[in-house]
Number of protein chains: 2
Amino acid sequence: MNLFWERGYAGASMKQIEQALDMRPGSIYATFGSKDGLFSEALAAYAQRSGLELREHLAGNSSILDGLQEHLRCIARQASPGGESPSRACMVVKTLLEASNTNAAIANQANSILNAIEQALTDLLEQAKLQGELAPGTHCARLARLLQAQIIGLRSFAQREIRSEQVAELAEDMAAMLDHYRARH
Amino acid sequence: MNLFWERGYAGASMKQIEQALDMRPGSIYATFGSKDGLFSEALAAYAQRSGLELREHLAGNSSILDGLQEHLRCIARQASPGGESPSRACMVVKTLLEASNTNAAIANQANSILNAIEQALTDLLEQAKLQGELAPGTHCARLARLLQAQIIGLRSFAQREIRSEQVAELAEDMAAMLDHYRARH
DNA sequence: ACTGTTTTTGAGCGATCACTCAAGTTATCA
DNA sequence: TGATAACTTGAGTGATCGCTCAAAAACAGT
């Protein structure tokens, strides 16, 4: 997963994969079927891990919106230069951009994952609205897409050679934007 | 340029390039030196074209902020499904994500282009502040980075299989966010 | 210890990769 | 028209791509 995340689908050769897994080609193909199959499992594992992280950030805050803002800040911390992450950008987005016009199966998988995330965010925001955190008129599905686009932008932006402090500021500005959707008390 | 934009650096083979250029390998290498060199020129051409588009949108509006908002909407229109663009996502971002851990020279070029765009946006926002469009306390460089991240997010988001109307809504929400930074009269 | 099954190994497959260069063609002079 | 220069051609280079499979090794049951 780390190798694919770092180098992308085409950028990771079977030789490198053999080394990363400490497996010989025969075993790899007996286990995963193909490079596509292996990548697919890696991407699924990545998505699962990401989902877990989001749920952890939410569990740490009683307020959903606070949890989402914390999530933004945490992404900024992880995506800052000098971190040990294989890549600062999101593996799903990297995959979507790489595979969209070259590998339909993989592009579909990335699409599905992003759909699931969008849905999860929508559900969360609906719940926040019910709890009175969000302004009553909020269009939750639309805000979920905005939030997803922000996260995609934040993490892709962080792939630039840039100071980590500026990534943190960016996350802060995005978190501040969420405040505008809060219910007025 | 269109081929590289659509399929990425690794995804475009020399055979496909030969066909796209209607040139044989010898001529290609005599003209561009290497696949890297050719890609570099394609990326530079893309960046120039993008810069021109931004300037056109700005020229169409007397207000800088209005021009930027128009630019966001226009990006959404271009990045909508069904368009004739080779790819909905930005070629510079695609390149940054693909090349960051595999091709230092190309990644540097993408970085430079994004630096230049960030600087151009900063200059524009500074000018808008001077003209009283932006709130006096606005941190223009920081807002420029936010704007750039939004655009990156918008165009990458648009690479998903999604209805064009939702892309337009997303651009609208991002434009609305810019309004919060306007000077109060 | 012996047999049958499962798993691992790594040399090597055909295909394709980016790229080269001698030979051929075209353009530009007098 | 003929000599020179500039450019184009495409078969072919070695390297690497994803992948296969017969043989070897490890494991499991009696």
Quiz item: ring-ring contact (aromatic ring centres under 6.0 Å, His included) with A:F32: which residues, sequence neighbours excluded?
Solution: none

Quiz prompt | Contacts of type ring-ring contact (aromatic ring centres under 6.0 Å, His included), residue A:Y181, not counting sequence neighbours | solution = none

Practice problem: Tell me, please, the opening and closing nucleotides of DNA chain C, 5' to 3', among those with an atom under 4.0 angstrom from a non-hydrogen atom of chain B. | Solution: C:dC17 to C:dC21

Quiz item: With a non-hydrogen cut-off below 4.0 angstrom, is B:A10 in contact with a base, only sugar-phosphate, or nothing?
Solution: nothing

Exercise. For DNA chain C, find the residues of residues 23-33 of chain B with a heavy-atom distance under 4.0 Å and give them by number; none if there aren't any.
Key: B:P25, B:G26, B:Y29

Quiz item: Residues two or more places apart in sequence or in another chain: which of them pass salt bridge (Lys or Arg N to Asp or Glu O under 4.0 Å) with B:R182?
Solution: B:D66, B:D179

Exercise. With sequence neighbours excluded, tell me which residues meet side-chain hydrogen bond (donor to acceptor under 3.5 Å, both in side chains) with B:D123.
Key: B:Q119

Practice problem: Could you pull out all residues at least two apart from A:R7 that satisfy salt bridge (Lys or Arg N to Asp or Glu O under 4.0 Å)? | Solution: none

Quiz item: For residues 125-135 of chain B, which residue pairs qualify under side chain to side chain donor-acceptor pair (under 3.5 Å), counting only residues two or more places apart or in two chains?
Solution: B:S63-B:E133

Self-check item: Earlier contact from the 5' end, DNA chain D, for A:E18 and B:K15
Solution: B:K15

Quiz item: How would you list, by chain and number, every residue that makes a salt bridge (Lys or Arg N to Asp or Glu O under 4.0 Å) with B:E172, sequence neighbours excluded?
Solution: B:R73

Quiz prompt | Any donor-acceptor pair under 3.5 Å from A:S156 side chain to A:G153 backbone | solution = no

Practice problem: Name the first nucleotide and the last nucleotide along DNA chain D (5' to 3') that come under 4.0 Å of a heavy atom in chain A. | Solution: D:dC17 to D:dC21

Exercise. Name all residues meeting the ring-ring contact (aromatic ring centres under 6.0 Å, His included) criterion together with B:F4; count only those two or more places apart in sequence or in a different chain, and write none if there are none.
Key: B:F39

Exercise. Using side chain to side chain contact (heavy atoms under 4.5 Å, CB included) as the criterion, list what pairs up with B:N111, not counting sequence neighbours.
Key: A:R160, A:E161, B:L96

